[in-house]
Amino acid sequence: SRLENDVQTDDVGSIAFGIFQDGDVVHSNAFGIIDRDTSEPARPDHIYRTGSISKSITAVLMMMLAQDGLLNIDDPVSKFLPEIENIQNTRGNIPDITLSQLASHTSGLIREPNLEDAASGPIESWEDKVLASITKTRFQADPGDEYSYSNIGYGILGLALSRAAGVPFMDLVEERIFQTLGMNSSTFVLDDRLQPRLASGYDYENGVIDGTVPLLEHAGRGYKVPNGGVYSTIDDLANFSRIMTGEESHLLSEDQRKSMMLIKTPESETEGYGLGFSLSKHEAGFWWVSHGGSVAGYNAFLLFQPDSQLSIVLLRNYSGGVTNLGMVARELGDKLLSIR
């Protein structure tokens, strides 16, 4: 297969992938090795970092809290996080940002805060890093005007959700999403039970393979928890997508679910971002919903088609390889849907 050849060509690590229909595994496999010291072969149940797929999980949590009446997604962030008033603004008065604008990357905030160690430091103190980052974050556009992908925006969102619920963010996700869906291999902090199944991450650039930074980052990546902190497996991510394909209908109402998959970014009507998901209209008229993820030493991609309940997940424990995970997922998905 193409993936197997790619992994052999790169000769760095592994790719795990799965195709799921109606929540059941149609096909799953893994190629390569999860650790360069032990040469342990990769299996579909190995655990990888998912990077920004964490944003999709944070957005789903937001909708669940809205459903519980703890917030309205159009509430100003300042209602729960008054510290947002300390944001830098070189554009005159400070406009109100809403929760949904953070979730759709239309808040107008810059991508990363201008704070030196924002993305490093222990996971336990991620909230302090968000608060310290706020004063070093500025607007690059007015809220609602444009799609501007913001990692710090999602850090702020996660903290605001936690304040709204009065429960620590990671606990909320563990209890409301991971445990409810039986995502037993998904977490923010690896414990002794999960550690043995972790695929070691490798940075791969210009022929040089280095596992130093990916290894260090398991201790924490500063504020980057709600926007990039989740570890998971292909099975668990497919399980997560069942919320959005409507198979796990007890978690989100039909209205809530569908509203997440409407384009909220102004640039195009066929390609854009909803609440926590990228959206793309196929020429055949149906929609692909997806999210990619990329952190030091790991790449991930989740793709699904809500009507046909087809999901495709790809996880890789090295960055810089020949495979474009998103492209492979789309090509595979197009092929599968045209067969049906």
Among Asp35, Thr212, Asp10, the one residue meeting side chain to side chain contact (heavy atoms under 4.5 Å, CB included) with Tyr202: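 The passing option is Asp35.
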
Test side-chain contact (heavy atoms from CB on, under 4.5 Å) applied to Leu325 and Ile15, step by step: CA-CA 10 Å; Leu325 300 185; Ile15 292 178; 4.3 Å; yes

Tell me every residue that passes ring-ring contact (aromatic ring centres under 6.0 Å, His included) with [X], counting only those two or more places apart in sequence or in another chain.
X: Tyr298; result: none
X: Tyr154; result: His105
X: Phe169; result: Trp126, Phe188

Evaluation steps, side-chain contact (heavy atoms from CB on, under 4.5 Å), between Phe178 and Val173: CA-CA 6 Å; Phe178 296 164; Val173 174; 3.6 Å; yes

Under 3.5 Å: donor-acceptor pair, side chain of [X], backbone of [Y]:
X: Thr187; Y: Leu190; result: no
X: Asp68; Y: Leu70; result: no
X: Lys264; Y: Tyr147; result: no
X: Asn324; Y: Met327; result: yes
X: Ser54; Y: Val230; result: yes
X: Asp191; Y: Val189; result: no
X: Ser162; Y: Gly158; result: no
X: Arg221; Y: Gly121; result: no
X: Gln179; Y: Asn184; result: no
X: Gln305; Y: Asp307; result: yes

Do [X] and [Y] come within less than 4.5 Å of each other through their side chains, counting heavy atoms only?
X: Ser107; Y: Pro143; result: no
X: Thr265; Y: Glu146; result: no
X: Phe20; Y: Leu310; result: no
X: Val25; Y: Ile234; result: no
X: Ile84; Y: Ser78; result: yes
X: Ile177; Y: Met183; result: yes
X: Leu279; Y: Trp288; result: no
X: Asp75; Y: Thr98; result: no

With sequence neighbours excluded, residues passing salt bridge (charged side-chain N to carboxylate O under 4.0 Å, His left out) with Lys281: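 None.
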
Asp11: partners by salt bridge (charged side-chain N to carboxylate O under 4.0 Å, His left out), with sequence neighbours left out: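 Here no residue qualifies.
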
Charged N-O contact under 4.0 Å between Arg2 and Glu331: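 Salt bridge flag = yes for Glu331 with Arg2.
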
Qualifying ring pair (Phe, Tyr, Trp, His ring centres under 6.0 Å) pairs with a residue from residues 213-266, counting only residues at least two apart or across chains: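 Ring pair (Phe, Tyr, Trp, His ring centres under 6.0 Å) check on residues 213-266 returns His218-Tyr231.
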
Say whether [X] and [Y], considering side chains only, have a donor N or O and an acceptor N or O under 3.5 Å apart.
X: Thr245; Y: Glu247; value: yes
X: Ser319; Y: Asp203; value: yes
X: Asp236; Y: Ser186; value: yes
X: Tyr149; Y: Lys55; value: yes
X: Asn86; Y: Thr135; value: no
X: Ser14; Y: Asn317; value: yes
X: Asp45; Y: Thr233; value: no
X: Ser200; Y: Arg36; value: no

Any residue meeting side-chain contact (heavy atoms from CB on, under 4.5 Å) with [X], in chain and number order, not counting sequence neighbours:
X: Pro122; answer: Glu124, Ser125
X: Asp255; answer: Ser253
X: Glu271; answer: Ser268, Ser280

Starting at [atom1] of [X], measure out to [atom2] of [Y] and round the result to the nearest 0.5 Å.
X: Leu99; Y: Leu161; atom1: CG; atom2: CG; answer: 6.5 Å
X: Phe304; Y: His291; atom1: CZ; atom2: NE2; answer: 10.5 Å
X: Ile57; Y: Thr50; atom1: CD1; atom2: OG1; answer: 5.5 Å
X: Glu127; Y: Leu81; atom1: CD; atom2: CG; answer: 9.5 Å
X: Lys258; Y: Leu262; atom1: NZ; atom2: CG; answer: 9.5 Å
X: Met260; Y: Ser100; atom1: CE; atom2: OG; answer: 11.0 Å

Residue pairs fulfilling salt bridge (Lys or Arg N to Asp or Glu O under 4.0 Å) with at least one residue in residues 159-172, sequence neighbours excluded: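 Matches after skipping sequence neighbours: Glu83-Arg163.
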
Salt bridge (Lys or Arg N to Asp or Glu O under 4.0 Å) contacts in which one or both residues fall within residues 222-231, not counting sequence neighbours: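 Only Glu112-Lys224 qualify under salt bridge (Lys or Arg N to Asp or Glu O under 4.0 Å).
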
Shortest non-hydrogen contact between Ser148 and Gly108, atoms and distance: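 What the structure gives for the nearest pair is OG-CA, 3.7 Å.
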
Working for salt bridge (Lys or Arg N to Asp or Glu O under 4.0 Å), residues Arg242 and Asp24: CA-CA 10 Å; Arg242 295 176 63 182; Asp24 298 321; over 6 Å; no

Crowding at CD, Gln195 (>12 non-hydrogen neighbours, <6.0 Å):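 Atom CD in Gln195 is packed in, count exceeds 12.
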
Hydrophobic cluster membership, Ile134 vs Ile110, 4.5 Å side-chain cutoff: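 No, no single cluster joins them.
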
Cluster link Val130 to Leu115, ILVMFWY, side chain under 4.5 Å: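 Result: no, two separate clusters.
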
Trace of the side-chain contact (heavy atoms from CB on, under 4.5 Å) decision for Val60 with Met64: CA-CA 6 Å; Val60 165; Met64 291 167 106; 4.0 Å; yes

Contacts of His282 that satisfy side chain to side chain donor-acceptor pair (under 3.5 Å) - sequence neighbours left out: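 Per chain and number, His282 pairs via side chain to side chain donor-acceptor pair (under 3.5 Å) with Asp334.
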
